[in-house]
Structures are given as structure tokens and as C-alpha cells.
Amino acid sequence: MFYNFKKIEKKWQKVWDKEAAFSARPSPDKKKYYLLEMFPYPSGKIHMGHVRNYTIGDVAARFKRIEGCNVMHPMGFDAFGQPAENAAIKNKTKPGAWTRKCIQEMETELRKMGFSYDWKREVSTCESGYYKWNQWIFLKMFERGLAYKKASGVNWCPSCQTTLANEEVIDGGCWRCHTKVEQKDLEQWYLKITEYKERLLEDLTQLKNWPERVLAMQANWIGRSQGVEIYFKLKDSDMVIPVFTTRPDTIFGATYIVLAPEHPLVKGLIQGKPQEKEVLKFMDKVSKENKLARASANVKKEGIFTGSFAVNPVNNEVISIWIADYVLMEYGTGAIMAVPTHDQRDFLFAREHGLSMRIVIQSTEYRVEKPEDLTEAYEGDGLQVNSGQFDGLPNQEAKKKISRWMEKEGMGKIKVNWRLRDWLISRQRYWGTPIPIIYCPQCGVVPVPYKDLPVKLPKDAPFTGEGGSPLGKVKKFLEVKCPKCGLKARRETDTMATFFDSAWYFLRFCSPKYQEAPFDKKEAAYWMPVDQYIGGIEHAILHLLYARFFTKFFKDLGLVDFSEPFNCLLTQGMVLKDGEVMSKSKGNIVDPDSMIKRFGADTLRLFILFAAPPGTELEWDEWGLVGANKFLNRVWRVQENLKEKAEPALVKVLHKTIKKVTEDFSEFKFNTAIASLMELTNAIYQSSADKEVFSKLVIMLSPITPHFSEELWQALGNKESIFKAEWPVYDSKMLAEETVTIVIQVNGKVRSKIDVPNDIDEAKLKELVLADAKLAPWIQNKPLKNFILVPKKLVNIVL
RNA sequence: GCGGGGGUGGCGGAAUGGCAGACGCGCAGGCCUCAGAAGCCUGUGUCGCAAGACAUGAGGGUUCAACUCCCUCCUCCCGCACCA
């Protein structure tokens with residue numbers, strides 16, 4: 001007998017839909033539980049990654065619901081973005097029409113998986129009812145100086161014809177199309193995320209239930225480093241060059257200074273010097289170099305002497321000033337003090353150019369007398385030498401003392417440097433939220449008044465893929481009266497990066513139709529923060545950092561009273577096939593829809609949870625799917641053979657299973673939960689289940705295989721949905737065994753096992769163990785040295 | 001280089017100081033069957049006829065007892081990276 005998954009799945013999906021079975025509203029007497037999975041970009045088809053992500057989430061949602069929580073489990077679409085525009089160019093359609101069609105198709109596929117979403121809360125970021133609030137948030141930020149426009153060198157993707165945030169540049173390429181990113185000088189809109197850098201870093205410690213690696217990646221990205229900004233005066237002028245260092249303990253070993261080629265002081269330094277021409281040539285050469293090539297480590301460090309000299313403030317030594325490509329303008333002050341003996345980069349550069357070196361830190365393990373004896377820089381800890389009054393101190397201690405001393409003497413300033421840059425959000429594309437700004441010849445940059453929101457995207461824009469943003473070609477959109485003075489003005493034609501949209505969608509789900517603000521404060525106060533967030537590791541930096549930033553901003557606006565949006569985070573592993581990530585380009589995609597057709601959604605859900613724990617990679621295995629299906633059919637057949645009363649031994653197994661499954665579900669250990677449900681099923685096959693045992697098995701399966709379980713539940717004579725049933729509770733009395741098996745080891749090796757009464761006392765047990773005939777050859781007549789007893793488990797006889 | 005996570009049968013994986021390999025896939029054998037890519041049952045780490053020995057990337061240590069804790073090393077994956 002096979003169960004008819006096609007019929008069953010369709011039937012229950014219809015019922016749940018009709019009854020809006022999973023819609024959630026605040027309730028005072030139940031514990032709220034907000035479960036969220038990262039919403040998808042509506043490409044039109046779901047892939048296995050979605051299936052895995054949403055299955056994990058759905059099982060958790062259904063489990064929490066049946067455990068008695070008030071669960072909110074919404075779904076929506078991250079619907080703005082470039083693919084829609086590319087499709088429009090290619091297929092001569094409109095991005096809006098294309099996107100809405102994709103959303104519909106995708107929704108159909110999600111419904112086929114039986115996910116228990118509250119579809120009444122569905123949001124789509126491309127609808128003006130949503131992006132109006134993007135504009136509202138932008139204006140609030142603009143008012144507070146957190147959204148600003150500036151001209152600077154930006155990352156430019158020549159293929160997508162748009163700018164990219166730092167976070168969107170992966171290995172020097174565009175995150176979307178992998179095209180090599182170029183540098184371009186443009187005036188662009190930024191969000192001042194750096195204003196929140198301290199809080200973004202500090203609050204990471206609050207996130208106890210986030211994976212270690214995500215926390216590490218975020219901390220790394222924010223990149224706080226503590227050090228000193230040291231002022232180097234020029235030898236023959238009052239000009240000062242500030243440098244940043246995290247190693248003030250090595251200042252006495254600084255034997256030259258290096259500036260980035262783009263450093264603004266360079267021109268003044270070389271003016272009139274014999275080196276001027278050469279240096280200019282070098283600067284020109286470096287500026288033409290690809291940033292990626294320049295950044296790739298271990299390339300030869302090229303540089304040139306400027307002809308100028310500076311003075312080391314701690315010892316008044318006159319040192320030469322260089323420029324070199326290994327110093328970056330973007331970090332610190334764009335200038336460094338070089339300590340070749342204690343920094344490998346400086347060491348290589350100094351050797352290349354014959355610059356002098358001085359050892360200022362001696363390892364306590366070995367001594368190097370002369371810098372010429374060094375084969376590489378010594379970057380470890382040790383004792384200060386050649387460092388004036390600091391000689392003999394451990395360098396870590398000297399670091400603090402020198403910092404304070406320099407600050408007191410006015411030679412420098414203790415400073416913290418950050419890696420995090422402001423977030424570039426403007427995109428020269430059509431399919432995104434219009435930035436609500438007007439440029440007036442008289443008033444300058446004028447924000448669109450709140451009452452005029454939303455600034456709607458014009459429906460008909462030309463999509464050619466050439467000649468800049470399509471919005472710039474729509475007169476009706478472009479030409480506008482200045483809201484301040486009424487003069488003819490021009491709208492901003494850039495749109496917002498889509499990461500803006502997803503930085504707060506979890507709040508919109510709390511009140512998706514709310515008209516007064518991005519979200520209803522009261523609803524958000526009830527549902528937020530998200531109790532469990534689930535999504536891919538690829539969002540570890542971008543999306544999660546932006547969402548944290550927005551939440552803190554909302555807190556500052558007084559809209560929420562928490563500062564972190566996601567309490568627990570689960571990053572699910574990738575789905576692989578033949579050891580490689582499933583991807584279109586590799587041609588190793590398995591289409592979920594075809595699997596649903598062959599095996600049913602329940603089988604697919606079961607397999608994907610059973611094959612690996614949620615956090616690790618999952619190797620696709622069609623045989624595994626067959627096995628999952630086999631198991632369900634095995635459970636299905638149990639109903640044909642129910643007894644009046646189950647054997648006590650089976651009831652015991654049931655209670656053990658309840659305990660294990662309940663614990664495993666709470667910890668997202670679905671693979672082992674399923675294993676124990678399989679064991680219970682095997683035990684049923686060894687004897688026979690009664691209605692009670694079988695009902696409980698079916699309930700425990702219901703979060704994983706909802707349609708299948710609902711059908712069996714009904715067949716058992718229940719009128720109400722299985723999701724209104726009660727989660728089984730185990731009886732700890734049932735777990736207690738009358739006899740236990742004691743493993744007997746001799747010198748740590750298992751030699752025998754005996755069954756003894758559960759409540760046996762120690763002396764009696766010892767007597768029984770030592771009388772065990774099987775042990776005789778091992779014990780012989782050797783004296784007993786030790787007798788280790790682990791109650792109810794094991795003894796170890798040490799001879 | 002820095003940071004994070006791994007390495008266990010033919011395969012996915014289980015066990016976080018106490019019987020290594022639960023559960024499943026695959027494979028082998030049996031039963032049932034006109035038939036089986038169905039179902040049910042049994043077996044399945046390696047060597048060995050067996051007793052037993054060996055076995056969780058390698059080596060060392062702590063312990064009565066180590067996949068689990070500590071040290072050294074190898075190796076794979078991911079993130080950041082000339083960040084001063």
C-alpha cells in the first residue's frame with residue numbers, strides 16, 4: 001500500500017488556505033513566537049536552498065504552535081532589483097509585470113510545499129504601500145544627517161551600470177554578476193552607518209544565540225583597532241604628517257615614513273625637489289593600476305623617495321619620507337610609520353630600498369643583535385630595547401605606557417580606527433525605491449515633503465540598458481516644482497539599493513497594512529524582536545548588519561524599545577550535489593517542483609531534514625529521498641494493523657521517543673528526532689501499536705510531514721485539525737527501567753555485560769560483577785587496584 | 001597573515017568524558033510472489049576460521065576510561081585581507 005500524496009497534499013493545502021489556519025494575531029494569554037525566514041527574491045522558481053530554509057522554519061513554526069505558542073510566521077517578497085530590469089530589456093516586458101508574475105508563480109510553489117504561512121501578512125517591497133516607508137525612513141535619516149550626498153571614488157559595475165556598496169564587492173567583482181568592479185568618481189547618496197559603529201560592535205555581545213562565525217564576521221567587518229595617531233613634523237617646515245599605528249611600542253624603531261600615493265600632502269612634499277618628476281610618474285602609474293591587482297597580497301611593494309624628511313618625535317631622528325603602493329589612502333590616515341624590524345611589509349620594503357633598521361623588541365627566547373641578521377620581521381612579543389626610558393619593559397606594557405606618554409607630550413593621540421565605511425545606497429537603476437529628493441536651482445537639495453509620499457515609480461520608462469538610469473528619461477517624473485519655492489526643479493533619478501528594503505521588512509510584517517508609519521508601534525512591541533531568524537550564511541554581513549543598523553535607528557526615533565532585531569539566528573548550510581553547490585551555471589540544479597511531483601512535499605521535507613543537521617551542508621541524494629518515502633509508507637501501513645492494547649515494552653519506547661523528539665525539536669536537531677521516530681516505527685513493527693501509540697507518533701511527525709499527518713489524524717477519527725491536538729508529554733515513570741544493563745570493563749576494555757535490578761546497591765553490584773565468569777580469563781588472580789562505578793551504566797575493573 | 005568551522009564505515013550522518021558507527025542510503029542473503037526497482041526478516045567498520053586484535057586526519061599528553069579535554073602538526077571549507 002502506498003499513500004496517495006498527490007491527493008492528500010492538495011486536499012489539505014486547500015483546507016488550510018480556506019480556513020486561514022495560520023493567521024496570527026496578538027493574544028494576551030499565549031506566549032508570542034515570531035519565526036521568520038529570510039524572504040526570497042521572486043525569481044519565479046524556488047530552489048533547493050529555499051526548500052531547505054523554509055522547511056526548517058516551517059517545522060519550527062508548526063512545533064511551536066502545537067506546543068501552545070502564539071506563532072507569527074509570515075512570508076513576503078524582496079521584489080525590487082536588477083533581474084526584473086534585465087528581463088524587461090530582454091523580453092520587452094515591464095519590470096513590474098514580470099515581478100508580479102514571478103511572485104505568483106513562486107507563491108504557488110511555496111504553497112505546494114505546505115508551509116504554514118500567514119499569507120494575510122504578505123508584503124512585497126516593490127508595491128508603493130511598502131516603498132513609501134522606505135522613503136519615509138530615508139527622510140527621517142536625512143533630517144538627522146544620517147543620509148547625505150557626497151562625491152567620492154565609488155565601486156562601479158560596468159555590466160550592471162550601477163554603483164555598489166563596499167559590502168557588495170566580492171573578490172573585487174560585482175556580487176551579482178561577478179564583473180570586475182571599477183573605480184569611478186561620482187556624487188552619491190550614503191547612509192551614515194558609521195555613526196552606529198560602536199553600538200553595532202558592542203551589541204554583538206548581546207547576541208548569545210547567534211552563530212560564532214556570524215558574530216566574528218560582523219566584528220571583523222566593523223574592524224575596530226586601537227592605537228595611536230602619531231604626529232611627525234617635517235624636517236624643515238611646520239607641516240605635520242599624522243600616521244596611525246597599533247604598535248606604538250615600536251615607535252623607536254620607526255626609520256622612515258610612507259604615504260599612500262593619493263595622499264593630499266604628497267604634492268607639497270615633492271614640489272621643487274629633484275625627485276618631483278619621478279614621483280609624479282610613479283603616482284600616475286599607481287593610479288592607473290587596478291585596485292584589485294594592487295591589493296592582492298605578496299606582490300612586490302613598489303615605492304619611491306619623495307626627497308623630503310620628517311622627524312621622529314620620540315628621538316628627534318631625521319627620517320626619510322616615501323610613497324608606496326602598499327599604503328592605502330582609505331585606512332587610517334593614509335600614512336604609516338615604517339618599522340622594518342617588526343613589520344614584515346616594512347621589512348621587505350626596507351630591504352628592497354636599502355633603508356636602515358633598528359631592533360626595538362627582543363624576543364625572550366632568542367636574541368638577534370644586529371638587524372642585518374634578521375631574515376624576517378619579528379612581530380611577536382618581547383622586551384623593549386633601544387627605546388629610551390622604556391628599555392626593559394615587556395612590549396605589551398610599554399605599548400600602554402608609550403601611548404600615554406606620547407599623548408601627554410603632545411606627540412600623538414590615542415585613537416581608535418574603524419574599517420567600517422558609510423553605506424553607499426544610490427543605484428542608477430529603475431526598479432527600486434526612488435530617493436525622495438528634489439534638486440532646485442534656488443533652494444538646492446530639497447527633501448520631498450512627507451505628505452507627497454510615495455514618490456511613485458513611473459509605469460512607463462524606456463528599458464534599453466544604455467545611457468544611464470531610465471528614470472532620467474521620463475520627463476513626467478523628472479520635472480517637478482520645488483516644494484519650497486515652486487520653481488522648476490528636477491527629481492533625483494537614483495533609486496535605493498535593495499538592501500534598504502530588506503533592512504526593516506521584519507517590522508512591516510507586524511502590521512503590513514498600517515498607514516500611519518512604517519509599522520504600528522503597538523504591534524511591533526508585541527511581536528518583536530524576532531524570536532528565531534533563519535537564512536543563508538551569505539547574508540552574514542550585508543543584510544544582518546543593515547537590519548541591526550535600522551533597528552537601532554528606530555530605537556533612536558522612539559519607535560521600538562529594543563536595539564537588536566533577531567534573538568536567535570540559524571544559518572542553514574548549502575545544498576550540494578556531487579560535492580558542489582547547486583547552481584545554474586554548474587548545471588547541477590535539482591528542481592524542487594519535479595521532486596514534489598515524484599515523491600510529494602512531505603517526503604521532500606522529511607528527506608531534507610533527515611539528511612543533515614540544519615547548520616551543515618547537505619549533500620543531495622535521490623536514494624535518500626526514496627528512503628524517506630519508504631519510511632512514510634511504512635508509517636502509513638501501521639494504521640491497518642492496530643491492536644486493542646499495545647505491549648508495555650512498546651509504550652516504554654514511545655515515552656523515550658517523546659522525550660527525545662521534544663528535546664531535539666527545541667534544539668533544531670531534526671535529523672536525530674527523525675531517527676528516533678524511525679526507531680519507534682521499527683519497534684511498532686516488532687509488536688503492534690494501539691491507537692494511542694500511533695496517534696502520538698502521528699502528532700510528532702506532523703510538523704515535518706503536515707499533510708500526511710493530517711490525513712492519518714482524520715482517519716483516526718479526529719474532527720479537528722492535528723494542529724489543534726496536544727503535543728504528547730512523556731511520563732518519566734515510564735522511562736525508568738526495572739533492570740539496567742551494566743557494561744563491565746577490565747582496564748578500560750569492554751569484557752562483559754550484566755543485567756541487574758535498577759535499584760541495586762553498590763556492594764551487591766560489585767559482588768555480582770566480580771562473580772561474572774566471563775571475566776575470569778582477564779582477572780586471573782591479579783589484585784584489584786581500583787573499582788570504578790558509573791551508576792546504571794558501567795563499571796571498570798582496574799588491575 | 002588574521003578570524004570562524006570541519007576531518008568518524010562504501011555514502012549521509014550519530015555519540016561532547018563512560019559499549020564508537022544510532023538512524024538512513026547502498027550492498028549481501030532469506031521469506032513472500034507468476035513476477036519485483038513492492039513488502040517483511042537477517043546480516044553488513046577492518047583483519048581473523050575463531051578467540052581476539054585494530055580502528056574516529058597524524059603524533060604526543062591528561063584520565064580508571066578520550067571522537068569528546070590539553071599540546072604539536074597535517075589537511076579541507078568559509079569569511080576578511082598590503083587594515084599599519
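As the structure is a prediction and not an experimental result, all values here were calculated from the model. Chain identifiers are assigned alphabetically (A, B, ...) following the order of the sequence lines, protein sequences preceding nucleic acid strands; residue numbering begins at 1 within each chain.
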By the definition ring-ring contact (aromatic ring centres under 6.0 Å, His included), identify the one residue from Tyr3(A), Phe2(A), Phe631(A) that meets it with Trp636(A). Tyr3(A)
Separation of atom CG in Leu632(A) from atom P in G39(B), rounded to whole Å: 13 Å
C1' spacing across the pair U46(B) / U56(B), given as an integer number of angstrom: 13 Å
Any chance the rings of Phe670(A) and Phe668(A) have centres within less than 6.0 Å? yes
Please identify each residue that fulfils salt bridge (Lys or Arg N to Asp or Glu O under 4.0 Å) with Asp664(A), with sequence neighbours left out. Lys660(A)
In whole angstrom, give the distance that lies between atom CG of Leu545(A) and atom P of G79(B). 17 Å
Rounded to the Å, how far apart are Arg419(A) CZ and C2(B) C1'? 12 Å
Within the structure shown, what part of the strands sits under 4.0 Å from Asp346(A) by heavy-atom distance: base, sugar-phosphate, or nothing? nothing
Which stems, defined as runs of 3 or more consecutive Watson-Crick or G-U wobble pairs with both pairing distances under 3.5 Å, involve RNA chain B? B:1-7 with B:74-80, B:10-12 with B:23-25, B:26-31 with B:39-44, B:45-47 with B:52-54, B:57-61 with B:69-73
Do the two ring centres, one from Phe282(A) and one from Trp322(A), sit under 6.0 Å apart? no
Considering only residues two or more places apart or on different chains, which pairs with a residue in residues 243-256 of chain A satisfy side chain to side chain donor-acceptor pair (under 3.5 Å)? Arg247(A)-Asp249(A), Asp249(A)-Asn395(A)
In whole angstrom, give me the gap between the P atoms of G12(B) and G59(B). 23 Å
Calculate the interatomic distance between Phe607(A) atom CZ and G24(B) atom C1'; express it in whole Å. 10 Å
With heavy atoms under 4.0 Å as the rule, sort Tyr685(A) into base, sugar-phosphate or nothing. sugar-phosphate
Nucleotides 53-57 of chain B: which of its N/O atoms have a protein N/O under 3.5 Å away?
unit_1 : atom_1 : unit_2    : atom_2 : d
A53(B) : OP1    : Arg751(A) : NH2    : 3.3
A53(B) : OP2    : Arg751(A) : NH1    : 3.3
C54(B) : OP2    : Lys749(A) : NZ     : 3.0

Any chance the rings of Trp620(A) and Phe607(A) have centres within less than 6.0 Å? yes
Please measure how far the P atom in G24(B) lies from the corresponding atom in C73(B), and state the result in whole Å. 42 Å
Without swapping roles, check the side chain of Arg419(A) against the backbone of Arg224(A) for a donor-acceptor pair under 3.5 Å. no
Whole Å only: how far is the CZ atom of Arg351(A) from the P atom of C82(B)? 22 Å
Pick the C1' atom in C19(B) and in C70(B), then give their distance to the nearest Å. 25 Å
Between A14(B) and A22(B), how far apart are the C1' atoms? Round to whole Å, please. 5 Å
Enumerate the protein-to-nucleotides 63-66 of chain B contacts in which both atoms are nitrogen or oxygen and the separation is below 3.5 Å.
unit_1 : atom_1 : unit_2    : atom_2 : d
C64(B) : O2'    : Asn796(A) : ND2    : 3.0
C64(B) : O2     : Asn796(A) : ND2    : 2.7

Pairs satisfying salt bridge (charged side-chain N to carboxylate O under 4.0 Å, His left out), at least one member in residues 602-620 of chain A, at least two apart: Asp58(A)-Arg605(A)
